[in-house]
Engineer: 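One structure follows; several queries about it will come next.
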Amino acid sequence: MCKISKKDIDLFYNMLDQDKHSLHFLWDCTAGTVTTAGSALFENVTGDPLDFLRESGLIDEQSMPQFNVFTARLEEGVISGINRSSLSVDILMKFTPGADYELCGFYAHLLRDESGKVLAVHGTIRPYSQKEVANKKIITTFSSDRAPQIYGQEVAEMMARHPDEEIAFIQFDVERFKLINENYGVETGDELLAFLTQTLGIICNEEQPYCRLTADVFMIVTTFDSDQHLLDFIHRLESLLSGFKGMEYRLIFGVAIAEDRTLHTRRHGDNATIARQSVKGSALNNIGFFNGRMRSELQKKQLIEENMQAALLDNQFVMFLQPKYSISTNRIIGAEALARWIHPEKGMISPAEFIPVFEENGFILKLDQIIWDSACRKLRDWIDRGIQPVPVSVNISREYIHTFDVVGYLLELVKKYDVPIKLLELEITETTDAQGVSDVVQKMKDAGFTMLMDDFGSGYSSLNMLKTTQFDVLKIDRGFLSKFMESGRGRKIISHTISMSRDIGLDIIAEGVETKEQAQFLSDCGCDSAQGFYYSKPVSQEEFDRLLLSANN
């Protein structure tokens, strides 16, 4: 086995002569000995200096997660090798006994054999000057927060150095990071982001540029030999970046392979973004890979976002109404207010294209407010014209119910248009976040609104939910209806669900009724309310008025 040479020891002492203001140690990993200099803190250390620092209490608790990853990487290099010549980490520590914690840089210069195993570590710890701390903040600013100039240059240079190797852009974020800030506090959220940034600096080698792009979104660029090699690296990232302070959080990864080297590095990053967003919300998969279909989806999304503000000002968003019918009487008993985007050049834009985008970027609240106002104005219009009004239900998105006073806003609308509150019904999609939604639902019920659970049976329903629900009406999801109608067992499940709901005082309405057979089956099961293409597609307000007068007179 190779051992540390006299030349390396001489080099260590030469560096000491040049830098007398730092703490130094030379750790001979093969012999298990350590030579220290530069600080009284290390004068009695004879064994593993990493163990000493870990147990000394000199390092602030806030820096321990980063330090633990740092030491794990060093120890890994000693055992199995490492593909880099140095490691570094910033830590808060008491550099002088009895002093306050200060920000220090811990640098480990590695002496390795041909296989990459670490033979010796020259460790240097020194406090940063105030100017250095300020400069680090400046560099951080230019390496992230929508201005990754330094990072972009590093990536371009790295790609130029590896013209014949496969290169992957790996982007990741923390799933539902906002909940971490809400549950643990903003300071803890900031600490988590700092931990992720520091840990990437420890994990990634000199040929793996990394950067915090925006908020909780990070990017790494790396070469790889095979698909499995790439997956192993991602799983390693996931393992080392998880479990900060015992917190539970999930990382979502998007991967784009740089196949076309003529593209700007930012385009490869955009592709990784598409891949990451493609697995958002998936319970089974947290790694997405870019493909051409994803690129098309991104272009559609960008086009929607570029036009949404102008569409708002130009009144391109309008309310359509889908009638709800009594199966037994064939009379219209209500309507659901739905948003439609009528573009002056492209015509009708499908809600399936713009609703998910608006839910993601927050514009959904503005859209919903337009529909709420339109629904109340329509109710007022019927009353003024002497037309017997039917209840109109409007959708409430879970994206804003905890950050926006929905109840207060809707009550103001009801007051503004002077319409009976029972004529404005509210729909919220069922959710796993039962407790969070139930608080809002209760406020809405206390205010006098009728509450509809939208898409019942679409994924999160349970008998326990029926037992504890505060909703007044369950809307059976169209997928639940069509799928379960296919078999005798499924029909029994629908029948018993309807019967049980009615027994506990819940009304039922079925969505997506498309055939006479479905309508008749629902009626036989005791569900008399339905909406769907069998009766009518969503129509303009003028067309709905004609249907209402025709069916109910």
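In this chain, residues are counted from 1 in sequence order.
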Engineer: Could you tabulate the donor-acceptor pairs under 3.5 Å formed by side-chain atoms of residues 60-70, not counting sequence neighbours?
Structural biologist:
unit_1 : atom_1 : unit_2 : atom_2 : d
Asp60  : OD2    : Gln62  : N      : 3.2
Ser63  : OG     : Leu92  : N      : 2.8
Asn68  : ND2    : Met64  : O      : 3.3

Engineer: Decide yes or no for Phe358 and Leu365: does some side-chain heavy atom of the first lie under 4.5 Å from some side-chain heavy atom of the second?
Structural biologist: no
Engineer: Return the orientation label for the His109 and His122 ring planes: parallel under 30°, perpendicular over 60°, tilted otherwise.
Structural biologist: tilted
Engineer: Only counting residues at least two apart or in another chain, list the ones meeting salt bridge (charged side-chain N to carboxylate O under 4.0 Å, His left out) with Glu360.
Structural biologist: Lys301
Engineer: Checking Phe169 now: which residues fulfil ring pair (Phe, Tyr, Trp, His ring centres under 6.0 Å) with it, not counting sequence neighbours?
Structural biologist: His268
Engineer: Do Leu237 and Leu200 have side chains that approach each other closer than 4.5 Å (heavy atoms only, starting at C-beta)?
Structural biologist: yes
Engineer: Mind checking whether Arg398 and Ile364 have side chains closer than 4.5 Å, heavy atoms only?
Structural biologist: no
Engineer: Under the side chain to side chain contact (heavy atoms under 4.5 Å, CB included) rule, collect the residues that match up with Thr188, sequence neighbours excluded.
Structural biologist: Tyr184, Met247
Engineer: Using a 4.5 Å cut-off on heavy atoms from C-beta on, say whether the side chain of Thr222 contacts that of Leu230.
Structural biologist: yes
Engineer: Any side-chain heavy atom of Ile82 within less than 4.5 Å of one from Leu110?
Structural biologist: yes
Engineer: With Thr197, which residues qualify under side chain to side chain contact (heavy atoms under 4.5 Å, CB included), at least two apart?
Structural biologist: Arg212, Phe218
Engineer: Could you list the donor-acceptor pairs under 3.5 angstrom formed between side-chain atoms of residues 158-166 and any protein atom two or more places apart in sequence or on another chain?
Structural biologist:
unit_1 : atom_1 : unit_2 : atom_2 : d
Arg161 : NE     : Glu207 : OE1    : 3.2
Arg161 : NE     : Glu207 : OE2    : 3.3
Arg161 : NH2    : Glu207 : OE2    : 3.0
His162 : ND1    : Glu165 : OE2    : 2.6
His162 : NE2    : Glu207 : OE1    : 2.5

Engineer: Check side chain to side chain contact (heavy atoms under 4.5 Å, CB included) between Pro356 and all other residues, then give those that pass, not counting sequence neighbours.
Structural biologist: none
Engineer: Should Ile180 and Asp216 count as side-chain neighbours, where that means a heavy-atom distance under 4.5 Å?
Structural biologist: no
Engineer: Taking only residues two or more places apart in sequence, or in another chain, which ones meet Arg73 in a salt bridge (charged side-chain N to carboxylate O under 4.0 Å, His left out)?
Structural biologist: Glu76
Engineer: Hey, are the side chains of Asn286 and Arg250 touching, using non-hydrogen atoms and a 4.5 Å cut-off?
Structural biologist: yes
Engineer: Are any of the side-chain heavy atoms of Asp90 and Gln198 separated by less than 4.5 Å?
Structural biologist: yes
Engineer: Using the test salt bridge (charged side-chain N to carboxylate O under 4.0 Å, His left out), find all partners of Asp173 that sit at least two apart in sequence or belong to another chain.
Structural biologist: Arg276, Lys280
Engineer: Just to verify, what does Glu248 make a side chain to side chain contact (heavy atoms under 4.5 Å, CB included) with, not counting sequence neighbours?
Structural biologist: none
Engineer: On the 0 to 90° scale, with breaks at 30° and 60°, tag the His343-Trp341 ring pair as parallel, tilted or perpendicular.
Structural biologist: tilted
Engineer: Under the salt bridge (charged side-chain N to carboxylate O under 4.0 Å, His left out) test, which residues partner Glu191, sequence neighbours left out?
Structural biologist: Lys245
Engineer: For the residue pair Tyr409 and Phe404, is the inter-centroid distance of their aromatic rings smaller than 6.0 Å?
Structural biologist: yes
Engineer: Which pair of heavy atoms, one from Ile401 and one from Val406, lies closest together, and at what distance?
Structural biologist: CA-CG2, 4.4 Å
Engineer: So does Asn205 get a backbone contact from the side chain of Gln208, meaning a donor-acceptor N/O pair under 3.5 Å?
Structural biologist: yes
Engineer: With the threshold set at 4.0 Å, does a side-chain nitrogen-carboxylate oxygen contact exist between Arg54 and Asp51?
Structural biologist: yes
Engineer: Looking at Ser226 and His229, would you say the former's side chain and the latter's main chain have a donor-acceptor pair under 3.5 Å?
Structural biologist: yes
Engineer: Is there a donor-acceptor pair under 3.5 Å between the side chain of Ser278 and the backbone N or O of Ala275?
Structural biologist: yes
Engineer: Is there any ring pair (Phe, Tyr, Trp, His ring centres under 6.0 Å) pair reaching into residues 244-266, and which pairs are they, with sequence neighbours excluded?
Structural biologist: Phe172-Phe253, Phe195-Phe244
